[in-house]
Amino acid sequence: MSPTPVQAEGGDSTHVHTKDLEGVTEDEHLDGGVESEEPVSGAAPGSGKRQKKIAVLTSGGDSAGMNAAVRAVVRQAIARGCQAYIIREGWEGLVRGNTSEPTPAPTRPASPVLGPTPSSGPNSSTKSVSFSSLPPSRQIALDAAAAEAAHQEHVDLGNGVSYTSADEVAPLSDAPLSFGFGGLLRDGAGEGDLEEMAAHGMQNVVVADEEDEQGRSLKGRYIVRVGWDDVRGWLGEGGTLIGSSRCPSFRTREGRLQAAHNLIKYGIDCLAVCGGDGSLTGADKLRGEWPSLVEELYDEGKIDESQKDAYGHLNIVGLVGSIDNDMSMTDLTIGALTALHRICESIDSISSTASSHSRAFVIEVMGRHCGWLALLAGIATGADFIFIPENPPATEDWETEMCDLLKSHRAVGKRKSIVIVAEGALDRNLKAIKPDYVKKILVDRLGLDTRVTTLGHTQRGGVPCAYDRILPTLQGVQAVQALLDATPETPSYMIGTQENKITKVPLLEAVAQTQAVAAAIEHKDFVKAMSFRDSEFQEMLQAFNISSSLAISQHVPKDKRLRIGLIHVGAPAGGMNAATRQAVRFCHNRGHTPVAIYNGFEGLLDDNVSELSWLRVDTWTTRGGSELGTNRSLPTIDLGNVAAGFQRHGLDALLVIGGFEAFHSVLTLEQNRANYPSFQIPMIHLPATISNNVPLTDFSLGSDTSLNALVDACDAIKQSASASRNRVFVVETQGGMSGYIATMGALAVGAVLVYTPEEGISLSVLQEDVEFLRKRYQLDVKGKSEGRLVIKSEKSSHIYTTEVLTKIFKEEGKELFDARSASLGHTLQGGVPSPLDRTRAARLALRCMQFLEQHGTPNAQAAHKGKSRKYSTETATMIAIRGSKIVYATMDEVLKVTDMKLRRGKMEWWSDIKRLAEVMGGREGLIASG
């Protein structure tokens, strides 16, 4: 139901105030809001329950993905029957409030089919007419009539949506789709000061907008109500469109008192804050002082008793936006991975010129108290040495330590040297380590032609990567749930992530642990500082040290050294080579022999096998595809000769990297151990496939690279679609019988529909989707329709192919929208692996090699040639990411959850994401509108 326009006193029809769902005009909000006893939308009549109002702000340093978080909070709030507000310029905007109060002109959420008017004859046309194209007087009349009809029929405007039930979606028709500020926010317009411009002689030049064509302006407005369409197109935007600033005044009680007053003015008692530890600490302080602030406002006469009673409690939730990834109790913060993308792109480019001239480069990256960016960039780019705050060099004479390492790398033939320095890097005496000093050491002691590059704020900017669209969306949805579940007794929560699980932890506890890291560093307690970092950080540091070291001090005794086979099976995927590099470097670090099997099991039959040197794999982290060569052939092509190949090459253990075929291969080898003693060696499968269809594990190597390729392609396609204003693109993805890429890709690019093999396509669903698209385009403002994406997995239907779907949409769209198709094909397999796939590959490969070392027996083939021996099913496993843990799963455990016919797991963790993608795209809400 749209808001009800009300004429101002005196009958001046040109001045229209817009009521919100509570029947309150914006001016009334400024006078103190609504009586708490009055029943409002979202509550049963007579319940006295206010419609909840959720506001979101971004504060502190900006980071890519903040816009996705704001979009998620806004749309999820509306989907849950709440009103959504954004607060511009962070805490500063909340303190300032609104000094200018023009009435917004919302876009009507429904475009009705207009029947014959009283003046029309029986033969008059009843063609659909866009509501926005009607004269203002006609729009007002229709809105008034609709509101009266709703009142007469006792329609509950909130549609009875339960705030606490995540399964219910409020109809989009319950609230305006737009309040008109989305375009101004996205364009950074609407704040022009014509008087200031005139003072500088620019009055005759149109260089800025004081207001848009409807008379709306952002000047003096910091607390703005927004609708569903006001945040469209925000997923792919970097930084934060609602602004962020440091706010000294908020650190004072007077500033927080003003902030509290502004929240109560607009009836807001639920606040989502996206920022770093300082911003979140401020949020919790505001909540802690809230009762006393409300009491003080009441005593000063700034609020009345009804407001005091209605807003006695403030609900707060924190979303961590920080490129440093410096917040404890979460694996990743919003923006960190995109910053890592920017760093890796830069270092990848620098590496080629460094190698060409045999130079050394010292590269400074951000990270005052956290070395996550420097560490992971070091792994992802194959750097030689890193400096991070938590773990200074082992000796006080770090200059010699660094030079000895780089000298050893040069001695084996490496042409380039890359040293990465975090901006907060220190030695063990807390003396800052600066890039220029590192350069001086390399020049003076090693005579290297050395350059310094400071990446600076390039790390903050740019388009968010796929994960920094997905993670903020999932966390934003969880943030709204946390706000709706909050009570005065529950603590303020921070929404985080652990491996593949969205978590909710007490905000103050996370902030305290974060600040404890800096305190530990200041006290030179680096062991304690590292203990506050998660297991991933510590394993990544171990992986880097192993991959960079040429020292023999870590070698195991000679009678413990193994010959470990490395093989790729299945389709190529980003990260395969990075995993192989880490495995080879582990072997050299421990004294084992890495044995490369080229071209899969077919290559083994052809004896296409060789040992890999330390230097040979140096640049493999950045290479896509498979350097060893891969195919889909299984050991069953010739089990006997495969077993003989194991014997000929003396394999004591086997690492199999690949997708479903790799899992099937290890399963086959394990099942045939009784018949072929050569297979009675430890073996482990490391999942790597863009389809992410390997059962039991949440992630496979290559899936993130594929998602980023899809996002890049869809961003370009959507740009084309939006330029045409009314075009729908059906984008076909790979994925086999798994809809992972299509589903997660749809969430990342803001697709409105997604089709997967798991759910298939039926005629009834297709009819609903066509009707949804027609309704959605009818709601668009004339001339400002949005291009829209439909993501279809290649095997979602053999009947309703991409071509057929496109033709159906085009035919049914008629004058409303056009349709085109695009097939991404093998572009999803190629390209440079994403930083996440590179670093995840290093970590998982390290764990795999540790497993093989633990269970392996030297000279296994020779000592037991032709003889059967005791073996355990525990020695044939797959490494898997399960929720918040990394586990080793036996083949029997994996087989129990596998659909061998469809080549995927029986239950997938992401199955509910399809519905979420369509909720965020508006399908569920529009269908609920009827």
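What you see below is based on every heavy atom in this structure, not just the backbone, and it leaves out hydrogens, waters and symmetry mates. Keep in mind that this is a model prediction, so the values were computed, not measured.
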Can a donor-acceptor pair be found between the side chains of [X] and [Y] at a distance below 3.5 Å?
X    : Y    : result
D837 : T705 : yes
R623 : T619 : yes
T338 : D468 : yes
H369 : D326 : no
D62  : S244 : no
D704 : S834 : yes

Is the shortest side-chain heavy-atom distance between [X] and [Y] below 4.5 Å?
X    : Y    : answer
E390 : C370 : yes
Q478 : L474 : no
L747 : R469 : no
I420 : T381 : yes

Basic-acidic side-chain contact under 4.0 Å: [X], [Y]:
X    : Y    : answer
D348 : R838 : yes
E539 : R843 : yes
R75  : D230 : no
D698 : K501 : no

request  = Could you pull out the closest heavy-atom pair between I418 and A354, with the gap in Å?
outcome  =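 Minimum heavy-atom contact is CD1-CB, 4.5 Å.
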task = Please round to the nearest 0.5 Å and tell me the distance separating atom CG of N67 and atom OG1 of T58.
result =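 Answer for the CG-OG1 pair, N67 versus T58, is 8.0 Å.
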ask   = In Å, rounded to the nearest 0.5 Å, how long is the span from CG of L455 to CD of E345?
value =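 If we round to the nearest 0.5 Å, L455:CG and E345:CD are 11.0 Å apart.
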Give a yes or no on whether the backbone of [Y] and the side-chain of [X] come within a donor-acceptor separation of less than 3.5 Å.
X    : Y    : result
H409 : S549 : no
N708 : A466 : yes
S492 : D284 : no
S355 : S351 : no

query = After noting the C-alpha distance and the side-chain angles of V438 and V452, does the key distance pass the side chain to side chain contact (heavy atoms under 4.5 Å, CB included) rule?
reply = CA-CA 9 Å; V438 175; V452 172; over 6 Å; no
task = Can you establish whether the number of heavy atoms outside R428 located under 6.0 Å from its atom CZ is more than 12?
result =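 Enclosed.
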task = Apply side chain to side chain contact (heavy atoms under 4.5 Å, CB included) to A84 and list each qualifying residue two or more places apart in sequence or on a separate chain.
result =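 Expected list: V74, A77, I78, V226.
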message = Are W398 and Y437, when compared by the centres of their aromatic rings, separated by less than 6.0 Å?
response =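 Yes, the ring of W398 comes within the 6.0 Å limit of the ring of Y437, centre to centre.
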task = Measure from the ring center of W909 to the ring center of F699 and say whether it is less than 6.0 Å.
result =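 Ring centroids of W909 and F699 are less than 6.0 Å from each other.
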message = Looking at F361, I'd like to know if the NZ or CZ of R451 sits under 6.0 Å from its six-membered ring centre while staying within 45 degrees of the ring's axis.
response =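 No, R451 does not lie over the aromatic ring of F361.
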